[in-house]
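Below is one structure; the comments refer to it alone.
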Amino acid sequence: MSAFTDHRQTVFEVELHNQAVRECVKENRSHELFDDRWADVQTHEVAASDEHKALAMIENSYPSEDGFVVDQVKRLG
């Protein structure tokens, strides 16, 4: 990952799930857009200058209005 070569960036591990998918799976249904795996926590690494910017990047890719929920953010390294 190129983030390791940029000393101004920090790598954050972000755990998130999709609440709408989780509810569908509990009812033995599949979500119309997102895979059933989103019912479980998924881990993504994000390189950013701080935790706030890392969360903004996650929100951009996995918007809360689509049901995505951040469970935990950990600074790596």
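All figures in this text were calculated on a predicted structure; none of them were measured in a lab.
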Write down the atom of [X], the atom of [Y], and the distance for their closest heavy-atom approach.
{"X": "Cys24", "Y": "Ser30", "result": "CB-C, 4.2 Å"}
{"X": "Val21", "Y": "Asp35", "result": "CG1-O, 3.6 Å"}
{"X": "Phe68", "Y": "Tyr62", "result": "CB-O, 3.4 Å"}
{"X": "Ala39", "Y": "Val25", "result": "CB-CG2, 3.8 Å"}

**Message:** So does Ala48 get a backbone contact from the side chain of Gln9, meaning a donor-acceptor N/O pair under 3.5 Å?
**Reply:**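 Yes, the answer is positive, given that a donor and an acceptor are paired below the 3.5 Å cut-off.
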**Asked** Got a donor-acceptor contact below 3.5 angstrom from the Gln42 side chain to the Arg37 backbone?
**Response**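 Yes, because the side chain of Gln42 sits within donor-acceptor range (under 3.5 Å) of the backbone of Arg37.
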**Contacts of Gln72 that satisfy side-chain contact (heavy atoms from CB on, under 4.5 Å) - sequence neighbours left out** =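 Only Glu15, Lys74 meet the side-chain contact (heavy atoms from CB on, under 4.5 Å) criterion with Gln72.
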**Message:** Taking CZ in Arg75 as the centre, count heavy atoms belonging to other residues, nucleotides or ligands within less than 6.0 Å. Is the count above 12?
**Reply:**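 No.
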**Pairs meeting criterion ring-ring contact (aromatic ring centres under 6.0 Å, His included) with involvement of residues 11-32, two or more places apart** =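 For residues 11-32: His31-Phe34.
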**Prompt:** Can you hop from Leu33 to Leu16 via hydrophobic side chains spaced under 4.5 Å?
**Reply:**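 Same cluster: Leu33 reaches Leu16 through Ile, Leu, Val, Met, Phe, Trp or Tyr contacts under 4.5 Å.
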**Request:** Kindly state each residue pair satisfying side-chain hydrogen bond (donor to acceptor under 3.5 Å, both in side chains) with at least one member in residues 50-61, sequence neighbours excluded.
**Result:**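 Non-adjacent pairs meeting side-chain hydrogen bond (donor to acceptor under 3.5 Å, both in side chains): Glu59-Ser64.
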